[in-house]
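Letters A, B, ... are given to chains in the order of the sequence lines, protein chains preceding strands, and every chain is numbered from 1. Just so you know, these numbers use all the heavy atoms, side chains as well, and skip hydrogens, waters and symmetry mates.
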Amino acid sequence: MRFNSKTFKWISSAFLIVLGTGFLFPLLWLFLTSFKGNSEIYSDPLGLPDVWLFENYVNAFTKFDFMKYFFNSVVYAGCGTLLVLICVTLFTYATARMDFKGADKLQKFLQFGLVIPGGSTLLGIYTILLKMGLKNTYPGLILVYVAHGIPIAAVIMYGFFRSLPFSMEEAAALDGAGTFTTFFKVILPMVTPALTTVAVTTALTMWNEYTLASILLDSNKLKSLPIGIQSFMTSRGGDWGGMAAALLLACIPTLVLYLCFSEQLENALVANSGMK
Amino acid sequence: MPIMKKNRRTVLLFTLPCLLIFAVFGIGPLLPPIFYSFFDYKSFKLGDFTGFANYFKVFQDKAFGVVLLNNLKLLFWQFLIGAPLSFACAIMITASGPKVRRFFKTASFLPYVLSVTVVCTAWSMMLQPQWGVVQSLMEAIGIGHLYRPWISIPDTSFNVAIITVIWQAIGYNMLLYYAGIKAIPDNYLESARIDGASMWQQVFHITLPLLKETLKFVSILMITGTMAMIANVKILTNGARIGEKAYSTVLYIYDKAFSSMDFGYGYALTVVYAIICFCIVLIVNKMIGKERTEYV
Amino acid sequence: MKRLLALLLALVMVVGLVACGAKEETAAPVATEAATEPTQPAPTQPAEEAVDESKVITDAKAELRVMLSTESPHLATLAEEWYPKYKEYFPNFEVEFDILSSGYGDKLKIACASGDMPDIFFNVGTIAFDTGTALPLDDLIEKYNWRDNLKGGGSLMPYSDGHVYTMQDGRDSYYLPQVWYNKDIFEAAGCEVPTTYDEFVEVCKKLLDYGVLPITTYNTHVQECFLQMLVETHSKDGYNRMISGELNWSDPEILKGVEKLEELVNIGAFAEDQTTINYDAMVELFNSGKAAMRIEPTWCFGGITLENFDFFVLPTETGEKVHMAYGSATSGNSIGIDTECPDEAFQFLCWMNLQSAIYFEQTGTFVDVITGYDPPEAHELVVKSNAIVDDTSWYKDPYGAGVMPAAEYSALGEQVGKLMTKQITAADFVTAMDAVE
């Protein structure tokens with residue numbers, strides 16, 4: 001797709017560069033803060049540190065069992081995302097492309113999950129997990145995360161599924177393919193960009209989630225990274241430098257994930273548009 | 001219309017896992033709140049059955065009206081500035097060279113990758129009165145007298161939250177639009193260009209209409225994200241209680257429940273708010289249009 | 001380029017892993033600042049019990065869940081580093097520590113609501129007592145003769161129903177709400193330490209003329225202490241009479257206190273961002289000389305890095321000696337009512353109290369628990385502070401916010417916030433407060 005206008009290209013590039021640089025300031029602030037002591041963080045937020053406090057990074061690892069919490073976060077975000085992808089892709093394929101009564105209503109039912117305000121379900125979730133014996137367990141939190149991630153994923157996947165021509169199934173049926181074959185071999189490869197989008201956003205949300213994790217997890221063996229990072233703060237004073245260092249370290253996997261995936265995403269998109 | 005008629009077993013197989021998990025862990029937790037909203041339920045003491053009393057209270061609650069307006073204000077600005085800006089950026093990166101494209105995609109998505117805690121803390125640090133960069137910058141260019149501690153002033157506090165929400169979402173929304181734009185086959189625009197259509201005509205008459213599905217779900221995501229907003233306000237104001245002018249609706253509801261310990265009323269607010277949000281989603285869906293887009 | 005970046009980030013992670021292996025036990029720092037000299041000695045956990053030869057307190061088996069909140073860096077150190085070293089004293093215990101800083105209140109409330117209480121928990125507010133999910137400790141205190149371990153017994157405060165639910169090391173009774181001031185600024189601005197409340201207001205105005213911020217405090221202090229302190233300046237027991245129901249908010253004694261707050265707000269004695277300021281930013285304001293006075297109890301002493309500072313108690317209108325006695329029946333740690341091993345939980349609670357007492361005693365705070373150690377020589381300001389608390393010629397007005405019902409306290413926070421952002425007047429304030437059920 002081309003918009004052939006040299007001036008437009010020039011103006012847009014300039015605009016994007018300026019805007020893009022503006023987007024970098026929180027990372028810059030985080031980076032500088034991670035090397036400072038408390039008083040400097042406030043008196044000189046964007047300046048270079050007087051003394052580069054590398055011990056903040058040592059503290060980030062030793063304040064709590066960083067690697068254990070990191071591993072836990074990987075489990076929650078990883079399993080959660082996988083489960084969301086599987087469940088939602090199957091579900092929205094049915095509601096978007098299968099003809100049965102109530103397909104529309106089922107989809108709306110899931111969309112209703114989007115509008116449930118967070119705090120109101122805390123007590124309910126806690127009680128349900130408690131009764132099922134899943135409080136303070138890996139599966140417990142994962143299932144709750146999945147339930148929260150389903151609505152948004154369903155909305156995105158539904159949109160993508162609807163944009164594919166129905167002639168696909170026709171052609172596949174003519175070739176003698178059954179439902180599952182059609183789904184796995186024909187449709188699924190076509191929605192890879194949607195899958196990556198859903199995977200990235202779902203994983204990010206679960207990686208950074210604090211409230212549910214803090215309420216549903218009790219043991220240090222199970223706690224996730226956001227809880228560990230928050231431990232640097234207390235109501236009366238906190239170790240901002242240490243927290244910034246821990247935050248930066250916690251961002252790394254998400255940044256790596258994004259950097260790798262965005263290339264994949266771009267290639268998938270290009271391939272997709274070329275296919276038509 | 002989907003033409004594949006499937007037997008019940010297949011449909012069940014595809015939809016059951018998702019439905020089960022969602023029903024038990026997503027909708028299940030909603031049942032106690034709905035139940036308690038009909039009672040006098042304060043400090044975890046179940047009082048008398050009060051019927052719709054809590055709901056009548058909701059409609060008479062002026063503060064609820066104020067916070068609702070706040071969220072609608074947020075929604076308005078998201079649609080007026082956030083969405084068009086993201087869309088414009090998406091168009092612009094398609095027109096830019098690969099280096100600029102890669103840079104901007106990475107940079108704009110960064111705020112979304114960093115959690116909302118980092119973004120809002122960074123913003124509050126920049127805006128603080130004694131040492132904030134914004135104040136120093138304004139003084140440097142001579143408009144220092146216009147500086148206010150916006151976060152601490154009830155009338156302007158929520159506006160700062162609005163800015164952070166839009167700012168953080170630009171990159172994400174842009175990527176979704178970009179994915180949709182990329183999915184449009186090249187030949188559509190080629191033929192339009194050959195026919196002599198200008199760039200604006202291409203955008204408005206071809207790209208936008210074809211993006212209906214994308215627009216629909218990006219709008220839904222924007223609506224639900226903004227209606228559920230609580231963290232931005234909490235982090236920017238450090239959990240301060242400066243009155244409903246500065247609150248988002250979810251924060252107000254949460255406050256009523258967990259702070260004032262009036263859960264019965266808080267839950268009634270929740271139900272009413274959920275219904276309002278759902279209606280907004282339905283309305284926007286209708287506005288964008290019902291037909292499916294199909295490429296041939 | 002992207003590959004390079006990803007590689008760099010991965011490298012940082014590896015370096016971090018290596019650093020992880022170099023984990024050390026750290027002694028508890030007093031101040032969270034890296035560049036300042038602590039004004040008190042850093043407490044280290046004692047290697048031996050000063051009193052007993054055998055360390056083991058009990059051989060019994062028990063599994064305990066302990067839920068704690070880290071309200072300050074000191075409490076964080078205690079919870080994360082001192083308490084987990086229980087094995088020598090309780091060899092057959094398995095104790096799980098659930099330590100939260102943000103969202104602790106919500107988790108406790110949810111636990112109370114669902115009845116799933118931990119064995120031991122840090123108490124916040126009155127919700128645990130009101131829902132009947134906290135164990136009354138009176139019998140256990142008798143059984144284990146805990147009072148023999150206390151100096152005066154002031155650390156055991158009964159709740160309004162007559163039972164003792166919380167145990168603490170007693171330092172709460174020795175926190176004095178103080179006005180810390182920067183002596184250099186006072187001298188330069190020509191201010192004297194005020195002896196009456198009107199003089200205090202004059203000092204604020206004088207500091208404003210001089211061009212410095214008069215008062216800084218942490219953003220929940222007004223509803224916690226300061227409002228009560230203002231009422232005390234003209235009515236020594238008015239605030240507590242209001243809490244017990246004898247007075248209303250709109251009665252003149254209380255209204256006058258709110259009006260005093262309103263006056264301070266209107267003359268600009270507080271920072272423009274006082275309601276939303278971050279705790280560490282507030283600390284920096286005072287330490288960097290931008291604010292002349294800091295209103296906060298004794299606990300903040302260790303974080304003040306000024307060279308020339310002192311404190312005074314907020315003076316009354318007539319110069320009468322009144323101060324707020326910090327500490328209440330709700331502060332401390334409690335035991336969950338459904339605990340399976342109350343005896344073991346209680347013994348562990350006593351041990352935690354002792355550890356806490358040892359820790360805080362070494363920072364120079366007075367504690368009620370007999371630790372068996374010699375307290376270090378306290379800083380002269382701490383001595384001065386303790387002397388006031390010990391001086392019986394002062395009227396001690398009990399800390400009221402601790403026992404205020406949740407709905408009222410929540411409304412108080414909101415009204416204070418609105419008053420300080422000039423959205424309402426003192427009259428609106430008391431009317432709204434009286435309307436709370």
- Check whether C:Leu285 gets within reach of chain A through its side chain, its backbone, both or neither, counting any heavy atom under 4.5 Å. neither
- OG/A:Ser235 to OH/C:Tyr218 distance, rounded to the nearest 0.5 angstrom? 9.5 Å
- Query: Are C:Asp98 and A:Leu217 side-chain neighbours, meaning at least one heavy-atom pair lies under 4.5 Å?
  - Reply: no
- For chain A, which of C:Cys300, C:Ser114, C:Ser69 has the most heavy-atom pairs under 4.5 Å? C:Ser114
- Item | C:Ile110 side chain near A:Leu122 side chain, heavy-atom distance below 4.5 Å | yes
- Side-chain (A:Tyr42) to main-chain (C:Asn278) donor-acceptor, under 3.5 angstrom: no
- Item | chain A contact via C:Ala281 - side chain, backbone, both or neither, heavy atoms under 4.5 Å | both
- Message: Between C:Asp106 and A:Thr211, is the side chain to side chain contact (heavy atoms under 4.5 Å, CB included) condition met? List the steps.
- Response: CA-CA 9 Å; C:Asp106 294 342; A:Thr211 312; 5.9 Å; no
- Message: Do A:Asn38 and C:Glu284 make a side-chain contact, defined as non-hydrogen atoms from C-beta onward lying under 4.5 Å apart?
- Response: no
- Query: So which part of A:Phe232 gets closer than 4.5 Å to some heavy atom of chain C, the side chain, the backbone, both or neither?
  - Reply: neither
- Message: Quick check for you: among A:Asn220, A:Val51, A:Thr127, A:Leu130, which has the greatest number of heavy-atom pairs under 4.5 Å with chain C?
- Response: A:Leu130
- Note on the structure: Of all heavy-atom pairs linking A:Gly237 and C:Tyr279, the shortest is N-CD2, 3.1 Å
- Item | chain A contact via C:Glu96 - which portion, at a heavy-atom distance below 4.5 Å | side chain
- Item | Shortest non-hydrogen contact between C:Thr70 and A:Met233, atoms and distance | OG1-O, 4.2 Å
- Item | Region of A:Lys135 in contact with chain C, defined by heavy-atom distances below 4.5 Å | side chain
- Got a second to check how far C:Leu100's CG is from A:Asp218's CG, nearest 0.5 Å? 9.0 Å
- Item | chain C contact via A:Ile215 - which portion, at a heavy-atom distance below 4.5 Å | both
- Message: Counting only non-hydrogen atoms closer than 4.5 Å, does A:Lys223 touch chain C with its backbone (N, CA, C, O), its side chain (CB onward), both, or neither?
- Response: side chain
- Message: Assess whether a salt bridge exists between A:Arg236 and C:Asp280, defined as any Lys/Arg side-chain N lying under 4.0 Å from an Asp/Glu carboxylate O.
- Response: no
- Task: Flag the pair C:Glu80 / A:Ser231 as yes when at least one side-chain heavy-atom distance between them is below 4.5 Å, and no otherwise.
- Result: yes
- Task: For A:Lys221, look at atom NZ and say whether over 12 heavy atoms of other residues, nucleotides or ligands are found less than 6.0 Å away.
- Result: no
- Message: Distance check, rounded to the nearest 0.5 Å: C:Ser102 atom OG versus A:Ile229 atom CD1?
- Response: 12.5 Å
- Closest non-hydrogen atom pair, C:Ser72 against A:Thr234: CA-OG1, 3.5 Å
